[in-house]
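Naming: A, B, ... by sequence-line order, numbering from 1 per chain.
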Amino acid sequence: MSFTLQDILEKGALLIDGSSFIYRAYYAIPGYLTTSKGFPTKAIFGITQMLLKILKEGNPKIIVWFMDEKGPTFRHLKYEEYKATRPGMPEDLKIQIPYIKKIVSALGIPLVSAEGYEADDLIATFIKTFDIPVLMIAPDKDLFSLISERVLAYDPIRENLIDLNTFQKKYGFSPQSFCHFRALTGDPSDNIKGVPGIGEKTAQTLIQTFHTLENLYENISRVTPLKLRESLLKYKEQVFQNFDLMKLRIDAPLPSQDLSYYYRKEPNYRELKRLFKELEFRKFLKEFSFPEEIPTFQTMEISPSELKELILRENPTTFALFPEKISTGLFNLKDITLLISFTPEKCYLTKFDSALWNTFTNKEVIVYDYKALLHLIERNLEDPFDVKLASYLLNPTLKNYEFSQLVFEHLDYTLNEKTSDKGLKGVSLLLLGRELKEKLTEEGLFHWLKKVEMPLSRVLYSMEKKGIKIDLEYVRNLIREYDQKIKEIENKLFDLVGTRFNPRSSQEVAKILFEKLKLPKIKKTQKSSQPSTDAEVLEELYDHHPIVPLILRYRTLYKFKSTYLEVFLREVSSIDKRLHTEFNQTGTATGRLSSQKPNLQNIPVKGEEGLAIRRAFIAEEGCYILSLDYSQIELRILAHFSGDENLISAFERDFDIHTHTACEVFGVSPDKVTSEMRRVAKVINFGIAYGMSPYGLSKELRIDPSSAEAYIKKYFSRYPKVKEYIEKTIEFAKAQGYVQTLSGRKRFIPELFSQTKSIRELGYRIAVNTPIQGSAADLMKAAMVALFSFLEREKLKSSILLQVHDELLLEVPENELERVISLAQEIMINPFSHLGLDLCLSVALKVNVSYGKSWADCKA
DNA sequence: TCAATGTGCAA
DNA sequence: TATTGCACATTGA
C-alpha cells in the first residue's frame, strides 16, 4: 500500500534535512538580504519563509529538524579525504545558523543532532525506529535510498515530490540499491571519486542488472565490455569504500525512542516576534498570526472615597491614570470618569475627585499624553510618566503615537478603538508604563524624560493656555487693505491676459504662461508632468512678461491673507481674545516641537509684508514682547561635534560666522569681504548642516557646479574636522543604523539601506542633519524647562508664549523686563547646568535679545 | 468629503 | 540633487 501526503501529515512525520536546507536557501536565493545594520539574513529569511509555508499548508503533527553537528563525523575519521574539497561554510552564512536554530525552536519544531553523525544518519535511524509514514524535506539526493512505500522525498526549492513509483521509473531499480549506484558514480560535492569511465547511465544499467555491489563483483565475469570490467576490478576497493561512506547509519543516537517527543509544540510566539523584530522581518510580523496576549483582569466601579481607602490600605507605589469619559454638566463643570489601575489584574472606574487626587502625591503616576491631561483636569499633577513621550523618545519616526498604536507596538496586542473595554485601557496603560520605563532605562533616556520632556509638557501646557494677544482691529484693517490690492492685481492680470482666470490655480497659470504666452518651461513639478510655476521659476521669468511679477505679488498677498490674517480672526479665542496654538511634542523626527491650529512657528518675517503680519502679535497693556534667540545655534553645535579648531575659535572670538567663512573660502581679510561674498558663504554654511551637494549649491547660488564644488572643497580644507565629522557620522550611521543627539535620543535611518540611490543619499543627509538639528532642540527644551521653573519659583508675572525652534517669545511686565532678560539669557546660554544635567558643549552659546510692543519690534 | 498635488511660510 | 515642519487652494475621484 501507499500513502497520500494527507496521510503523512496526519499520521506520519515530516523530517527536514536542515543542513542541506540551509545551504540550498543560501545559494538558491539570488542577491543579498540584510538588516538595516547590515547583518546578513538571506538564509534565515528563506528558511523561515519555507517553514511558515510548510506549517501553514501542511499543518503536520510531527515535524523534526535534523542538523549536522560541528565536529568531525565517523566518516571523516575513517577517510581523510571525505568532504576535503568542500570549501568552508561562508562567513556570512555561518553567523546565520544560530538564528535559524532559534527560529526553528521558536516555531515549536524539535531540533535533533548528534555528535559524530550527519543529519542523514539521524533521519535514516528515525525512519528505521518508527514505522510511520514519512515525508523527507530533502533538497539533495543523499536521502533517496530511504524512499519506500511509506517514505517520500520532497525538494522544497524545485517543489518536486518523489515517491517509490517516481524513483523506480527514473532509475529502474529500488531505492535500497541507490547507495550501490552512487558508490559507482561517486559524489564530487563530498569529494568521493567514482570509477573512471562510469557515468550515471552505465552505473544505472549495472545496478539494474545486479542490484548490489556484492552481486556485481561475484558476477563480474558477466560484465562487458572488457574495459569496463577491468576498470571495475581496478577500483574495487574504492567502490566499497565509497559504499561505506554513503551508506546511511541506522544506529545514530536519537534523543528519544518515544514518538511523542517529536510532536510539534506550540510556537513560542513572544520569542518568535522578538526574533522577527530583531531580524527586521516585517513581512512575517505582518503575515504570521500571532495570538494576542491580552491580560485578564476585573473592571470595577468604585466611589472615590472607597478607592481612596483601598489605596491607603494597599499602598501601591505606581498608578496608571486614564481619563475615560468626559461630559459637561451643570454650569459647564466637567464631569470626568477616571480609569485607575495599580495592579494588572484590576481596573477601577471612578469619578474625578480632588480628595482622591491627593493620594497621588509622591507616587509614580503613569499617564498617556500628560499635556492633554493637564488641559482636561486643570490641576497640577507632579512628575508623572507619560507613555506617549516615552515611546517617542525610543523612536521618533513612528507614524502616530495614539494609545492603541503604542499598545500594539510595545505590548503586542490590538486594542479595540471602541470603548467596549474600558478596563483594558487602564490595565494596558499600567503595563505600557512598566514596559517603557524598562526600555527607556536601557537606552539611558529615563533621566532625560523625567528631567526635561515631562516638565516641558507642563511648560507647553501653560504656553498653550496663555496664548498670545492679537491686535484684531489691525488685522481687520490689513485684510481690507489686502483685499483691495488683490482685486487690483486681478484686474490688471485679466486685462493683460485678455481673459479671466484663477491666479490661485497653478494649472491655469501654467497654461497661460507656457501655452498662451509660450514662455520657456524651466522645470517640471514633482508628481505630474505639469510645468512648474513656483516662485523660483517666476523669478527667472520675471522680465519676460508683465504678468509674471503680478502673479508673484498676487501669491504673496493672497497667501498672507488666507494663511495668516484670516486664520487669526477665525482661531482667536472668544474668551480671552488671544491666539492659542497647540504644540506637538511628538511630531518631528529630530526632536523639535511643531505647532498647529494655527501654526505659529511659520509666521512671516521677511520683507515689509512679513513684518506687517508680525505687527499683529502684541503685548498686553503694560507688558513687552521679549524675544530671545540663539545665535547660530546649529553651526555652534556643528563646531562642538566636529571639534574643528577654526570653527570653534571663530565662535569663541564672536566673529560673524558668515563673514569668517567668506574670508576662508575667498582667501581675503575680513575688511575685504563684500556683501556678495558673505551671501555666498552664508549659503555654504547653511548647506553644510543639511548635507548639500555641489549641484545643490550651484543651483542655489546660480553658479556652475564646478565653481560650487571648488567652494565646498575650499570650505572643507579650512574646516578639516567638519569634513571628518560628516564622514564619521555617516560611517557610524551605516554601521549602527541610527544617529544620536546630545541627549542620547536615537533616530533610526532605514533610508541608508534603501535599494534606491536617491533615498540612500537622503539617508546620508538625514544622518548629518539630525544630530545637529536634534541637539539644538535638546538645548532649547532644557532652556524652556529651566526658564519656566525659574519664573515660577520667583513668582514672576512674565510668561513664555511661543517657541520657534531657536527663539523664545515672552510676555513680560515692564517692571520685570530687566531681570527676566538677564536671567533668561543666562539660562539659555547654559541650560543643562540649570537642570543639573551632566552635559556640556565645547563651544559657547550666544543669545540675542530684543523687545518691543509687538513681535515685529523684536529685531536686532 | 477626501486624498493627492502644488505652492509657500518658518527655523 | 538641502533638513525639519504646517497649511492653504485646487483638482478630481
Side-chain angles (χ1 to χ4, degrees), chain A residues 396-397 501-510 523-538 551-552 554-567 570-571 581-584 586-607 609-610 613-614 629-635 638 683-701 705 708-709 712 739 747 749 751 757-774 776-777 780 802-808 855:
Chain A
T397 47
F501 68 101
N502 184 352
R504 279 153 282 151
S505 163
S506 56
Q507 221 172 76
E508 289 186 35
V509 169
K523 66 172 177 186
K524 287 185 171 180
T525 58
Q526 198 94 87
K527 304 243 170 173
S528 69
S529 49
Q530 181 187 312
S532 172
T533 66
D534 68 13
E536 195 191 319
V537 170
L538 297 189
I551 290 171
L552 277 168
Y554 181 97
R555 288 222 179 123
T556 306
L557 292 175
Y558 194 88
K559 171 88 177 175
F560 283 17
K561 179 171 91 95
S562 66
T563 306
Y564 302 105
L565 300 173
E566 287 176 345
V567 173
R570 205 182 322 139
E571 297 278 342
T581 185
E582 185 184 328
F583 288 103
N584 190 347
T586 58
T588 72
T590 54
R592 275 187 176 185
L593 302 176
S594 71
S595 153
Q596 58 181 357
K597 292 183 285 182
N599 181 355
L600 294 187
Q601 288 182 321
N602 71 342
I603 302 303
V605 65
K606 285 177 204 154
E609 289 90 358
I613 303 282
R614 288 203 174 199
D629 71 282
Y630 279 112
S631 166
Q632 305 298 349
I633 190 165
E634 296 202 347
L635 285 176
L638 177 62
V683 172
I684 299 174
N685 276 336
F686 276 104
I688 291 296
Y690 299 142
M692 191 191 231
S693 66
Y695 178 84
L697 183 65
S698 73
K699 218 174 50 139
E700 180 71 31
L701 293 175
E709 197 171 349
I712 291 177
V739 290
R747 175 177 179 182
I749 312 177
E751 290 87 347
K757 195 176 168 206
S758 60
I759 296 178
R760 233 166 24 241
E761 283 169 339
L762 172 66
Y764 299 151
R765 298 193 294 269
I766 290 172
V768 173
N769 177 258
T770 297
I772 299 173
Q773 192 183 115
M780 179 54 106
L802 296 178
Q803 184 250 47
V804 192
H805 310 308
D806 65 357
E807 175 187 17
L808 284 182
W855 198 357

*Asks:* Is R765(A) near enough to dT3(C) that one of its side-chain N or O atoms lies under 4.0 angstrom from OP1 or OP2?
*Replies:*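 Checking R765(A) against dT3(C): at least one side-chain N or O falls below 4.0 Å of OP1 or OP2.
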*Asks:* I need the I688(A) CD1 to L635(A) CG distance, nearest 0.5 Å.
*Replies:* 9.5 Å
*Asks:* Just wondering, do T581(A) and Q601(A) contact through their side chains at under 4.5 Å, heavy atoms?
*Replies:*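 With C-beta onward as the side chain, the pair stays apart.
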*Asks:* Between the side chain of Q803(A) and the main-chain N/O of H805(A), is any donor-acceptor distance below 3.5 Å?
*Replies:*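 Such a contact is found between Q803(A) side chain and H805(A) backbone.
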*Asks:* What contact category does Q773(A) fall into here, base, sugar-phosphate, or nothing, at under 4.0 angstrom with non-hydrogen atoms?
*Replies:*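 Base contact.
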*Asks:* Do Q632(A) and D806(A) come within less than 4.5 Å of each other through their side chains, counting heavy atoms only?
*Replies:*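 Q632(A) does not reach D806(A) side chain to side chain.
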*Asks:* Looking across every strand, which nucleic acid part, if any, lies under 4.0 Å from S532(A) by heavy atom: base, sugar-phosphate, or nothing?
*Replies:*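 It contacts sugar-phosphate atoms only.
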*Asks:* Once salt bridge (Lys or Arg N to Asp or Glu O under 4.0 Å) is applied, what residue pairs with a partner in residues 589-602 of chain A remain, sequence neighbours excluded?
*Replies:*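 Of all non-adjacent pairs touching residues 589-602 of chain A, those that pass salt bridge (Lys or Arg N to Asp or Glu O under 4.0 Å) are E582(A)-K597(A), R592(A)-E634(A).
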*Asks:* By the 4.0 Å heavy-atom rule, please label N602(A) as base, sugar-phosphate, or nothing.
*Replies:* base
*Asks:* When we call it a touch if two heavy atoms are under 4.0 Å apart, what does V768(A) touch: a base, just sugar-phosphate, or nothing?
*Replies:* nothing
*Asks:* How does DNA chain C read in dot-bracket, base by base from 5' to 3', with Watson-Crick or G-U pairs under 3.5 Å and | used when the partner is on another strand?
*Replies:* ..|||||||||||
*Asks:* Just N and O in the side chain of S594(A): are any of them under 4.0 Å from OP1 or OP2 of dC6(C)?
*Replies:* yes
*Asks:* Are R555(A) and L538(A) packed together at the side-chain level, in the sense that at least one heavy-atom pair is separated by less than 4.5 angstrom?
*Replies:* yes
*Asks:* Give each protein N/O atom lying under 3.5 Å from an N/O atom of nucleotides 11-13 of chain C, with the pair distance.
*Replies:*
from: dT11(C); atom 1: OP1; to: S505(A); atom 2: OG; distance (Å): 2.6

*Asks:* Sequence neighbours left out, cut at 3.5 Å: what donor-acceptor pairs do the side chains of residues 761-772 of chain A make with other protein atoms?
*Replies:*
from: N769(A); atom 1: OD1; to: Q773(A); atom 2: NE2; distance (Å): 3.3
from: N769(A); atom 1: ND2; to: A689(A); atom 2: O; distance (Å): 3.2
from: T770(A); atom 1: OG1; to: R747(A); atom 2: NH1; distance (Å): 3.0
from: T770(A); atom 1: OG1; to: I766(A); atom 2: O; distance (Å): 2.9

*Asks:* Can you pull the contact range of chain A along DNA chain B, 5' to 3', using atoms under 4.0 angstrom from its heavy atoms?
*Replies:* dT5(B) to dA11(B)
*Asks:* Just wondering, do W855(A) and I613(A) contact through their side chains at under 4.5 Å, heavy atoms?
*Replies:* no
*Asks:* Base, sugar-phosphate, or nothing: which does G587(A) touch, judged by heavy atoms less than 4.0 Å apart?
*Replies:* sugar-phosphate
*Asks:* Just by distance, do the side chain of S532(A) and the backbone of K523(A) share a donor-acceptor pair under 3.5 Å?
*Replies:* no
*Asks:* Heavy atoms under 4.0 Å, any strand shown: does A777(A) hit a base, just sugar-phosphate, or nothing?
*Replies:* nothing
*Asks:* With the threshold set at under 4.0 Å for non-hydrogen atoms, list the residues of residues 554-561 of chain A touching DNA chain C in residue-number order.
*Replies:* Y558(A)
*Asks:* Categorize L762(A) for me: base, sugar-phosphate, or nothing, with a 4.0 angstrom heavy-atom threshold over every strand shown.
*Replies:*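 Touches sugar-phosphate only.
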*Asks:* Measure from the side-chain N and O atoms of E508(A) to the backbone N and O of N502(A), and report whether any donor-acceptor pair falls under 3.5 Å.
*Replies:* yes
*Asks:* Mind checking if T533(A) touches a base, just sugar-phosphate, or nothing, with heavy atoms under 4.0 Å?
*Replies:*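 It contacts sugar-phosphate atoms only.
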*Asks:* Once rounded to the nearest 0.5 Å, what's the spacing between atom CG of L565(A) and atom CZ of F560(A)?
*Replies:*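 These two atoms lie 9.0 Å from each other.
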*Asks:* Hey, does E761(A) reach any base, or is it just sugar-phosphate, or nothing, if we go heavy atoms under 4.0 Å?
*Replies:*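 Answer is nothing: E761(A) stays at 4.0 Å or more from every strand.
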*Asks:* Under 3.5 Å, is there a donor-acceptor pair between the N584(A) and T586(A) side chains?
*Replies:* yes
*Asks:* Would you mind classifying the nucleic acid contact of A535(A) as base, sugar-phosphate or nothing, using non-hydrogen atoms under 4.0 angstrom?
*Replies:* sugar-phosphate
*Asks:* Please check this pair: side chain of T525(A) against backbone of Q530(A), looking for a donor-acceptor N/O pair closer than 3.5 Å.
*Replies:*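 Here the side-chain-to-backbone pair exists.
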*Asks:* Any heavy-atom pair between the side chains of Y564(A) and N602(A) that's under 4.5 Å?
*Replies:* yes
*Asks:* Is any side-chain nitrogen or oxygen of R504(A) closer than 4.0 Å to OP1 or OP2 of dT10(C)?
*Replies:* yes
*Asks:* Where the side chain of Y690(A) is concerned, which of dG5(C), dA2(C), dT1(C) is the nearest nucleotide?
*Replies:* dA2(C)
